Amino acid sequence: DGGITQSPKYLFRKEGQNVTLSCEQNLNHDAMYWYRQDPGQGLRLIYYSQIVNDFQKGDIAEGYSVSREKKESFPLTVTSAQKNPTAFYLCASSIEPQIDNEQFFGPGTRLTVL
Amino acid sequence: SQQGEEDPQALSIQEGENATMNCSYKTSINNLQWYRQNSGRGLVHLILIRSNEREKHSGRLRVTLDTSKKSSSLLITASRAADTASYFCATERASKIIFGSGTRLSIRP
């Protein structure tokens with residue numbers, strides 16, 4: 001997990017509330033990614049950013065928002081519009097925006113909606 | 001549907017045995033990557049094999065790629081209890097990296 005931190009590790013939210021997940025990297029990587037993982041499943045791409053002040057929707061962006069104001073930070077907001085937000089969220093980064101670069105992952109945040 | 005699909009979904013072997021996992025994909029690729037995930041943790045990159053390579057080794061890991069069959073295999077030799085994890089292949093589709101649903105490997109002592 002070295003170089004990428006995610007906080008908090010566990011997060012509980014009431015229905016109807018927005019919540020922001022933190023992702024910070026000190027690897028000087030240009031590209032950052034957010035994935036969602038459901039039990040026994042693979043990863044699905046929510047949003048990605050190839051450079052500061054720019055980001056693109058992934059396969060399941062509805063109900064989520066991101067910002068990339070600094071190179072080292074890529075926070076993810078889970079809004080009340082996300083109908084089934086309980087999941088494990090993983091942040092990753094890669095050296096360059098080329099899509100086939102190795103990705104480095106954070107330890108993840110487990111979000112539970114009560 | 002997924003670009004990469006791992007097979008089997010779950011695998012349980014005795015410690016010391018070899019473990020083989022397979023990945024099939026649908027479209028042409030530049031490379032294919034294998035990742036490992038311990039329960040409740042982030043993914044760790046294991047190995048990347050390019051489309052012009054047929055085989056690659058890293059320690060006890062051996063990866064093969066057959067572009068004509070659009071498939072790759074990951075072999076872990078002399079398995080250890082610490083190899084217990086989920087293993088994912090990742091390929092590119094439409095300028096995004098797509099992860100398969102993974103193979104859950106359990107090593108019995």
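Below, read A as the first sequence line, B as the second, and so on, with proteins coming before strands; counting in each chain starts at 1. Just so we're clear, the structure is a prediction, and the values are computed from it rather than from any experiment. Note that these values count all heavy atoms, side chains included, but never hydrogens, waters or copies made by symmetry.
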* Answer yes or no: is there an ion pair linking A/K71 with A/D30, defined by an N-O contact shorter than 4.0 Å? => yes
* **Over 12 non-hydrogen atoms of neighbours within 6.0 angstrom of CD in B/E55** => yes
* In terms of heavy-atom proximity below 4.5 Å to chain A, should B/Q37 be classed as side chain, backbone, both, or neither? -> side chain
* chain B contact via A/Q37 - which portion, at a heavy-atom distance below 4.5 Å -> side chain
* Contact listing (chain B partner; residues 12-21 of chain A; heavy atom under 4.5 Å) -> none
* **Residue from B/L74, B/L75, B/I76, B/L11 passing side-chain contact (heavy atoms from CB on, under 4.5 Å) with B/T20** => B/L75
* May I have all residue pairs that pass ring-ring contact (aromatic ring centres under 6.0 Å, His included) and include part of residues 43-71 of chain B, sequence neighbours excluded? => B/Y35-B/H45
* When rounded to the nearest 0.5 angstrom, what is the spacing between CG in B/L48 and CH2 in B/W34? -> 13.0 Å
* Mind checking the CZ-OG spacing from B/R108 to B/S12? Nearest 0.5 Å is all I need. => 4.0 Å
* Charged N-O contact under 4.0 Å between B/D83 and B/R60 -> yes
